[in-house]
Asker: 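There's a structure below that I have some questions on.
In this chain, numbering begins with 1 at the start of the sequence shown.
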Amino acid sequence: MMTIPKTPCPVGGLVPLMGGVWPITARKAHPVLGWLYTIHEKRTDAGLVIHYNVSQEDLVHEIDLVCKFKINDPVRIGAFNVRHVVGRRWDFQNGRIIYQINDSLRTGRAHYMDQNELIARIRANEEEHA
């Protein structure tokens, strides 16, 4: 599981919640929980649903559920050696997870790609070498 950051999520940032990705509309500090957020879920069939008092821990848990890869997971995205996920972070502007993949040839270098791109490259590599 991801660690709970001390810095707050940005107001206006997109976060996963209840099977969708929705904007944070407000936040407030809480003495025990750190930060509490208000999130507006805009359903097509039921209109606006407002979630009050969503904790930082709840958001981190939801982000963790979206992630298909964990730190140190091996990924084969090319003809070279197996690479590994060495980092991941949530992109609040676009509402997606970004993975940091080590460079198999150069130590200290890394490639960054979102989850959809990573999955597509793994599938393309599997089809190429099947």
Side-chain angles (χ1 to χ4, degrees):
M1 178 159 177
M2 298 175 85
T3 58
I4 311 296
K6 301 290 184 211
T7 57
C9 300
V11 172
L14 299 173
V15 291
L17 186 68
M18 307 294 247
V21 177
W22 315 106
I24 295 172
T25 57
R27 73 175 179 224
K28 62 181 177 183
H30 188 276
V32 176
L33 300 174
W35 294 95
L36 295 176
Y37 301 94
T38 301
I39 298 171
H40 283 187
E41 177 182 349
K42 297 173 182 138
R43 296 183 185 170
T44 56
D45 59 340
L48 179 66
V49 176
I50 300 174
H51 300 279
Y52 292 105
N53 296 328
V54 178
S55 71
Q56 184 105 336
E57 184 176 358
D58 291 338
L59 290 182
V60 169
H61 177 69
E62 289 286 331
I63 290 170
D64 200 42
L65 291 176
V66 170
C67 295
K68 301 224 185 294
F69 303 96
K70 308 285 186 222
I71 303 296
N72 295 322
D73 277 357
V75 292
R76 187 173 290 278
I77 58 174
F80 299 107
N81 298 335
V82 173
R83 300 176 187 199
H84 292 85
V85 175
V86 294
R88 62 185 186 175
R89 68 174 178 81
W90 185 257
D91 176 3
F92 290 99
Q93 185 173 3
N94 298 303
R96 62 187 181 171
I97 192 75
I98 304 293
Y99 292 99
Q100 180 182 0
I101 310 297
N102 73 324
D103 189 314
S104 63
L105 300 176
R106 289 175 251 155
T107 305
R109 305 264 330 248
H111 301 278
Y112 296 87
M113 58 188 77
D114 71 19
Q115 185 160 273
N116 292 335
E117 181 185 358
L118 180 57
I119 290 170
R121 293 199 45 194
I122 290 170
R123 285 189 183 143
N125 185 61
E126 289 172 350
E127 289 173 4
E128 185 178 315
H129 293 95

Asker: If you measure from CE on Met113 to CD on Gln100, what distance do you get to the nearest 0.5 Å?
Answerer: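 Met113 CE to Gln100 CD: 11.0 Å, rounded to 0.5 Å.
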
Asker: With sequence neighbours left out, what residues match Ile71 under side chain to side chain contact (heavy atoms under 4.5 Å, CB included)?
Answerer: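 In terms of side chain to side chain contact (heavy atoms under 4.5 Å, CB included), with neighbours along the sequence ignored, Ile71 is linked to Val85, Arg88.
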
Asker: Identify, with sequence neighbours excluded, every residue that meets side-chain hydrogen bond (donor to acceptor under 3.5 Å, both in side chains) alongside Arg96.
Answerer: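 Checked Arg96 against side-chain hydrogen bond (donor to acceptor under 3.5 Å, both in side chains); matches are Asp91, Asp114.
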
Asker: With clusters defined by side-chain heavy atoms of hydrophobic residues (ILVMFWY) lying less than 4.5 Å apart, directly or transitively, does Ile119 cluster with Ile98?
Answerer: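 No, it is not one cluster - the side chains of Ile98 and Ile119 are not joined through contacts under 4.5 Å.
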
Asker: For Gln115, enumerate each residue passing the side-chain hydrogen bond (donor to acceptor under 3.5 Å, both in side chains) test, keeping only those at least two apart in sequence or located in another chain.
Answerer: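 For Gln115 the side-chain hydrogen bond (donor to acceptor under 3.5 Å, both in side chains) partners, ignoring immediate neighbours, are Tyr99.
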
Asker: Could you check if a side-chain atom of Leu118 sits within less than 4.5 angstrom of a side-chain atom of Ile77, using non-hydrogen atoms only?
Answerer: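 They are in contact (side-chain heavy atoms under 4.5 Å apart), so the answer is yes.
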
Asker: How close do Asp64 and Lys70 get, counting heavy atoms only, and between which atoms?
Answerer: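 Shortest heavy-atom separation between Asp64 and Lys70 comes out as OD1-NZ, 3.6 Å.
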
Asker: Identify the heavy atoms of Val82 and Pro74 that sit nearest to each other, and give their distance.
Answerer: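 Of all heavy-atom pairs spanning Val82 and Pro74, the closest is CG1-CB, 3.5 Å.
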
Asker: Taking distance alone, no hydrogens or angles, what donor-acceptor pairs closer than 3.5 Å link side-chain atoms of residues 22-36 to residues at least two apart or in another chain?
Answerer:
| residue | atom | partner | partner atom | Å |
| --- | --- | --- | --- | --- |
| Trp22 | NE1 | Leu17 | O | 2.9 |
| Thr25 | OG1 | Thr38 | O | 3.1 |
| Arg27 | NH1 | Cys9 | O | 2.8 |
| His30 | ND1 | Val32 | N | 3.1 |
| His30 | ND1 | Leu33 | N | 2.9 |
| Trp35 | NE1 | Lys6 | O | 3.3 |

Asker: For the CZ atom of Arg89 and the SG atom of Cys67, what is their distance to the nearest 0.5 Å?
Answerer: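 Those atoms lie 12.0 Å apart.
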
Asker: With clusters built from Ile, Leu, Val, Met, Phe, Trp and Tyr whose side-chain heavy atoms come within less than 4.5 Å, directly or transitively, what are the remaining members of the cluster of Val49, listed by chain and number?
Answerer: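 For Val49, no cluster forms, as it stays isolated from other hydrophobic side chains.
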
Asker: Going by salt bridge (Lys or Arg N to Asp or Glu O under 4.0 Å), name the residues that satisfy it together with Glu62, two or more places apart in sequence or in a different chain.
Answerer: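 Partners of Glu62 by the salt bridge (Lys or Arg N to Asp or Glu O under 4.0 Å) criterion come out as none, since no residue qualifies.
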
